[in-house]
Amino acid sequence: MACIYGDITKIDTTGASEATAKQDKLTITGVEASKKLAETDLTRMEKYKSKIINVGKAKQMDPAVIAAIISRESRAGAVLKDGWGDHGNGFGLMQVDKRHHTPVGAWDSEEHLTQGTNILISFIQQIKAKFPQWTKEQCFKGGISAYNAGVGNVRSYDRMDIGTTGNDYANDVVARAQWYKSKGY
């Protein structure tokens, strides 16, 4: 499936930080830790695979990236209570923040996944406008970072994750997405 925002397999990544890896008591960090975290979520993720692929096709977004954000944000639903996380501020699998958006659909619906994906696309477009000299893949990664901490937090390519949760958000999501891609997402 063609993703108009870039090729996730061509994005460099350092993977998960120690703080993120500790969620699952992992003693490894980096890309290997991200793969392990994604793998832990795979069984739960499979329930949403057809919705993820449908939204990916409709929005020309790589389904592996949607899956990776779901893995990072809600552990494929495992950390949600009645569809909510982040102290009641984040809604659904993709953790749409009610302080900035009005959540739509059920927490695990295609409508919700479409909203989360539209938010991601908007961030990619804002990063492209902010850094017109960046490549497609750089803007894609910057948009993923902005999904967590906002466009203002992305000040340079090399340090875009400083200030994100765990200081590794885009790097972890990219590594998880590369792994989900290998699993048919």
Side-chain angles (χ1 to χ4, degrees), residues 8 15-26 33-124 126 143-153 161 163-181 183-185:
I8 199 71
S17 67
E18 187 180 351
T20 299
K22 276 187 176 157
Q23 285 178 8
D24 286 12
K25 299 176 179 47
L26 300 178
S34 293
K35 288 178 182 173
K36 266 303 216 211
L37 291 157
E39 187 176 6
T40 298
D41 298 336
L42 184 62
T43 308
R44 284 184 305 276
M45 195 70 70
E46 292 291 318
K47 290 188 291 218
Y48 312 114
K49 189 172 188 177
S50 63
K51 291 176 187 175
I52 291 166
I53 289 170
N54 288 345
V55 171
K57 277 194 181 116
K59 293 286 155 190
Q60 295 180 288
M61 174 56 65
D62 191 327
V65 174
I66 299 171
I69 288 174
I70 290 169
S71 173
R72 171 68 187 227
E73 290 287 343
S74 69
R75 304 306 305 271
V79 300
L80 303 180
K81 188 164 173 48
D82 300 322
W84 291 89
D86 188 25
H87 313 290
N89 292 311
F91 179 73
L93 292 170
M94 292 181 79
Q95 287 294 280
V96 170
D97 192 320
K98 73 173 187 189
R99 295 167 296 190
H100 303 286
H101 308 276
T102 304
V104 298
W107 68 272
D108 60 351
S109 67
E110 222 168 283
E111 201 179 354
H112 163 71
L113 297 180
T114 299
Q115 181 182 27
T117 303
N118 282 336
I119 292 166
L120 173 63
I121 289 167
S122 159
F123 282 132
I124 295 166
Q126 289 174 63
I144 292 168
S145 177
Y147 187 88
N148 177 258
V151 173
N153 191 69
D161 272 346
T164 64
T165 308
N167 291 317
D168 68 346
Y169 190 86
N171 280 291
D172 181 35
V173 168
V174 167
R176 292 187 201 210
Q178 290 170 348
W179 188 85
Y180 278 117
K181 193 139 191 91
K183 300 297 169 209
Y185 282 84

Going by atom types only, do [X] and [Y] share a side-chain donor-acceptor pair under 3.5 Å?
| X | Y | result |
| --- | --- | --- |
| D168 | T20 | yes |
| E73 | Y169 | yes |
| Y48 | E110 | no |

Answer yes or no: is there a donor N or O on one side and an acceptor on the other, between the side chain of [X] and the main chain of [Y], under 3.5 Å?
| X | Y | answer |
| --- | --- | --- |
| T164 | A149 | no |
| R176 | S71 | yes |
| Q60 | K57 | no |
| D172 | R72 | no |
| E111 | V104 | no |
| K51 | D108 | yes |

How long is the gap from [atom1] on [X] to [atom2] on [Y], to the nearest 0.5 Å?
| X | Y | atom1 | atom2 | value |
| --- | --- | --- | --- | --- |
| F123 | N148 | CZ | CG | 9.5 Å |
| M94 | T114 | CE | OG1 | 9.5 Å |
| D86 | L80 | CG | CG | 10.5 Å |
| I52 | E46 | CD1 | CD | 8.5 Å |
| K35 | Y180 | NZ | OH | 13.5 Å |
| I66 | M61 | CD1 | CE | 6.5 Å |

Are the side chains of [X] and [Y] in touch, meaning some heavy atoms are under 4.5 Å apart?
| X | Y | value |
| --- | --- | --- |
| D41 | I70 | no |
| L42 | Y185 | yes |
| K59 | L120 | no |
| I8 | I144 | yes |
| I119 | D97 | no |

At their closest point, which heavy atom of [X] faces which heavy atom of [Y], and how far apart are they?
| X | Y | answer |
| --- | --- | --- |
| L93 | S74 | O-OG, 2.9 Å |
| A177 | A64 | O-CB, 3.3 Å |
| W84 | Q95 | C-NE2, 4.4 Å |
| D161 | S145 | OD1-OG, 3.5 Å |
| Q115 | H101 | NE2-CB, 4.0 Å |
| F91 | A106 | CZ-C, 3.8 Å |

TODO: Please say whether more than 12 non-hydrogen atoms of neighbouring residues, nucleotides or ligands are located less than 6.0 Å from CD in E18.
DONE: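 Count not over threshold, so no.
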
Task: Other residues, nucleotides, ligands: >12 heavy atoms within 6.0 Å of K36 NZ - done: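 At most 12 heavy atoms, drawn from other residues, nucleotides or ligands, come within 6.0 Å of this atom.
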
TODO: Walk me through it: do W107 and H112 pass the test side-chain contact (heavy atoms from CB on, under 4.5 Å)?
DONE: CA-CA 6 Å; W107 68 272; H112 163 71; 5.8 Å; no

Open item on the list: Taking D24 first and then R75, would you say they form a salt bridge - that is, a charged N and a carboxylate O separated by under 4.0 Å?
Closed with: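 R75 and D24: salt-bridged.
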
